[in-house]
Amino acid sequence: MKKIFDGKIYEMLPKTDGILFPYQKAIIDQGDVVWYKMFSLENTSLTDVSETIYWNIKFGSNYTVALDVCSNFVTEKAIMLPNGRLFLVNDNGQVFVIDPDGMINIGGELKYRESVPSAIAYYKNNIWACFKENNVLIRFNINTMRAELRIGGKASPFDCPEDIFIDGENAYVCNSGSNKIVKINLESYATEDYYGFEESVHSYIKSEKCEFVLLDSGLYII
């Protein structure tokens, strides 16, 4: 692995030629000053980018509409759906779906035992959400927000699952408690350990053929 950034990072967003991430630039009056960087796979360089570029990558062309309903646009969980809609979950679990024309639809809540998801992902017209406090991964019906399938619980392959990334039919769940990334096949539901680390793992994504992982000590390319 090669470290590419060692500051505090809030999330990683994949791009066709690398990744983009918000990071803590400074702390002023106990509040974070957030800036944004892009890592290019073409020249392996880090470049500061504008807030607007970050909004466009995270929320798409309707980012101005998304910002109106976000409680905190950095911590807001967002998924671009195949039909051009934007799926949002804010910090209290409220769901919003924004149509391509900018119309906002309120979609109920996405919660499990009063907990909000630590991360969400989309697969075959369903929302998959991990819940850090409950050690579970749950599949929700995208239309009703009802839980349809649960992986984990008392006997769980997860230990404080913080993030989920789906590639093909496989989900990769980052477990900060066990320092492992667990791979789950979303067709057979078979699970296996994918990567193990010597420190907590908080996020994992792929961009092109490269893998990126966020650990306590920083951001790495694998």
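Given the structure is predicted, the values throughout are model-derived calculations rather than measurements.
Using a 4.5 Å heavy-atom threshold, the side chains of Leu149 and Ile138 count as separate. At least one side-chain heavy atom of Leu186 sits less than 4.5 Å from a side-chain heavy atom of Trp128.
In this structure, Phe5 has its ring center under 6.0 Å from that of Tyr23.
A donor-acceptor pair shorter than 3.5 Å can be found between the side chains of Glu11 and Tyr54. A donor-acceptor pair shorter than 3.5 Å can be found between the side chains of Ser203 and Asp163. Under 3.5 Å, the side chains of Tyr194 and Glu211 contain a donor-acceptor pair of N or O atoms. Side-chain atoms of Tyr123 and Glu187 include a donor-acceptor pair closer than 3.5 Å.
Taking every heavy atom of both residues into account, Glu208 and Thr16 meet most closely at OE2-O, 2.7 Å.
Looking only at distances, no side-chain donor or acceptor of Lys15 sits under 3.5 Å from a matching main-chain atom of Ile57. Looking at Ser207, its side chain never comes within 3.5 Å of a backbone N or O of Ile19 through a donor-acceptor pair. Of the possible polar contacts, one joining the Asn141 side chain to the Thr144 backbone as a donor-acceptor pair under 3.5 Å is found. A donor-acceptor pair under 3.5 Å is formed between the side chain of Asn43 and the backbone N or O of Ser45. At distances below 3.5 Å, at least one donor-acceptor pair connects side-chain atoms of Ser156 with backbone N or O atoms of Asn135. Asn83 contributes a side-chain N or O that, together with a main-chain N or O of Arg85, makes up a donor-acceptor pair within less than 3.5 Å. No donor-acceptor pair closer than 3.5 Å links the side chain of Glu133 to the backbone N or O of Ser115. Side-chain atoms of Asp99 do not come within 3.5 Å of backbone N or O of Asp101 as any donor-acceptor pair. Put simply, the side chain of Asn175 never gets that close to the backbone of Gly177: no donor and acceptor are under 3.5 Å apart. With Asn185 contributing its side chain and Ser188 its backbone, the two residues share a donor-acceptor pair below 3.5 Å.
Using a cut-off of 4.0 Å between Lys/Arg side-chain N and Asp/Glu carboxylate O, Glu76 and Lys58 are scored as not salt-bridged.
Within a 6.0 Å sphere centred on CD of Glu192, heavy atoms belonging to other residues, nucleotides or ligands number more than 12. Atom CE of Met103 is surrounded by 12 or fewer heavy atoms from other residues, nucleotides or ligands within 6.0 Å.
Cluster annotation: Ile9 is connected to Tyr172 through the hydrophobic network of ILVMFWY side chains, with a link wherever side-chain heavy atoms come within less than 4.5 Å.
Using cut-offs of 30° and 60° for the angle between ring planes, the Phe73 and Trp55 rings count as perpendicular.
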